[in-house]
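Structure first, then comments.
Below, chain A is the first sequence line, B the second, and so on; all start at residue 1. Just so it is clear, the model here is predicted, and its values are computed rather than measured. Note that these values count all heavy atoms, side chains included, but never hydrogens, waters or copies made by symmetry.
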Number of protein chains: 2
Amino acid sequence: MVGMTPEATRTAGTTGTTGTAAKRGRPPAFDRTAVLAAATRLFWERGYQATSVGELTGAMGIKPGSLYAAFGDKAALFREVVEGYGRSPEGGFVGVALAQEASARAAFARILREAARIYPDPTHPAGCLVMNAAVNTAAQDEEVAEFLRGLRAENLRLFEERLTDAERLGELPPGTSPAALARYFGTVLQGMSQRARDGADTTELAATAELALAAWPPERP
Amino acid sequence: MVGMTPEATRTAGTTGTTGTAAKRGRPPAFDRTAVLAAATRLFWERGYQATSVGELTGAMGIKPGSLYAAFGDKAALFREVVEGYGRSPEGGFVGVALAQEASARAAFARILREAARIYPDPTHPAGCLVMNAAVNTAAQDEEVAEFLRGLRAENLRLFEERLTDAERLGELPPGTSPAALARYFGTVLQGMSQRARDGADTTELAATAELALAAWPPERP
DNA sequence: TTCTTTCTTGAGCGATCACTCAACAAATGG
DNA sequence: CCATTTGTTGAGTGATCGCTCAAGAAAGAA
């Protein structure tokens, strides 16, 4: 059932009216990015398993046949949703901060403060999609759980990488290992995502972020 | 369907051979605490929604009819499981530490260090049952989600209460509000639970606990 | 026009979901 | 003994799950 994954299901364009060479066959009746956005909202809100295909087709405005023809199956749709989420501002702010900030401390301070703003933002479901969908998957969905675990592990690896650089530059508090600090900030970030889902607002999460940063003494300019 | 909650479903005794007055009718064929333990493991491992009644009856060694006669329905069984979990060492260590430790700092240090030991303990499912079951509930299970949110909120309230006492005694770092510190530790604890489910071991979580405690300057003896 | 390709549609697949119930079994009270 | 109460059992409820498929529709290619 899985494993045939047709590579020919790319429609690419958002509106489709771009000047690319015309395609054969009947064109899709839906905007791929629009229906992906609808699916994203649902998965973000309810998680992977708790979101049914029926709810998905309802929110996306397409029939099951179209969904399976365009995306493969529920798991493949979810993976595509997560990929898109990682490229969005709400899902990609961590990578952006790590890449843009000059010092490691500035990067992690920005990450925590932006999380305090983004996670409880009422214009989208609360928390981080990847962290939300984390817990509680049935035995049958083990592949999806492993996929999500991998994403979180990759995030921790990026944290550690950045902090190892910081250690070489003498930015770290004495006696602190980069790995330990990376896992600490990862833990706080996961906690903040879950707190947001429990209704924590920006003010509360911002205070948490500042307290969490106290584990790291201020920079000496 | 809900709301009739028969109060007559108490069998109380573990083995039943205690000297209480004999009961009418056919005695249960199963040990109530034993089957509750089996249900606890399953809910702890998979969460509420991802655990099916079929899996429950299989692990508990009873038929659906017996389950519904003895516990009401899936949600009521889950609530009874959570109550028992809260009275167990693994689920109740937070309350014990808050009650037993003399200073607030000692209490929270103990909470975080015990969490680092308990959450990844391989003799039971990883993390905290209440925090695990938190995320991702379908719309139909909103009552269960609300029940769990309430438990976590109550925990935060206990944190804040303890820290308000600490503030009156001058134990708190200057400029820190008890509520903010309570939410910070609650956030770290939630993150540690989730990290444990992602495979974090005691050593890693202990290091995280010490870093988290750095937000609170050491006591002056 | 006709052929080929691609997508949509509506019906429906078997499996599983939480849950129920009549019939039977085992205990106590009289 | 019989009546009552309580528990177990096996079969089975309708609903929903993820998913499939033949038939038809809309496009370009010939």
A:P64 side chain, from C-beta outward: closest of C:dA18, C:dT9, D:dC19: D:dC19
Results of side-chain contact (heavy atoms from CB on, under 4.5 Å) for A:E146 - residues two or more places apart only: A:R149
Tell me: CD1 of B:I62 to P of C:dA25, nearest whole Å? 20 Å
Between CZ on residue B:F43 and CG on residue B:L77, distance to nearest 0.5 Å: 4.5 Å
Using atom types as modelled, flag every donor-acceptor pair under 3.5 Å from a side chain in residues 56-72 of chain A to any protein atom, sequence neighbours excluded.
| unit_1 | atom_1 | unit_2 | atom_2 | d |
| --- | --- | --- | --- | --- |
| A:T57 | OG1 | A:V53 | O | 3.1 |
| A:T57 | OG1 | A:G54 | O | 2.9 |

Over how many whole Å does the gap from A:L56 atom CG to D:dT16 atom C1' extend? 14 Å
Between CZ of B:F78 and P of C:dC19 the distance, given in whole Å, is 14 Å
Footprint string (nucleotides 23-30 of chain D, 5' to 3'): B base within contact, S backbone only, - free, heavy atoms under 4.0 Å: -BBBBSS-
What's B:T51 touching, base or sugar-phosphate or nothing? Going by heavy atoms closer than 4.0 Å. sugar-phosphate
Specify the separation, in whole Å, of atom CG of B:D141 and atom P of C:dA18. 9 Å
Nearest-nucleotide 5' precedence on DNA chain C, B:S66 against A:A29: A:A29
Side-chain N or O of B:Y68 versus OP1/OP2 of C:dC19: is the shortest distance under 4.0 Å? yes
Compare the minimum distances between each of C:dT8, D:dT8, D:dT9 and the side chain of B:K63, then state the nucleotide with the smallest one. D:dT9
Name the closest nucleotide to the B:S52 side chain, picking from C:dA18, C:dC19, D:dG18. C:dA18
Can you check the A:L67 CG to D:dC17 P distance for me, whole Å? 14 Å
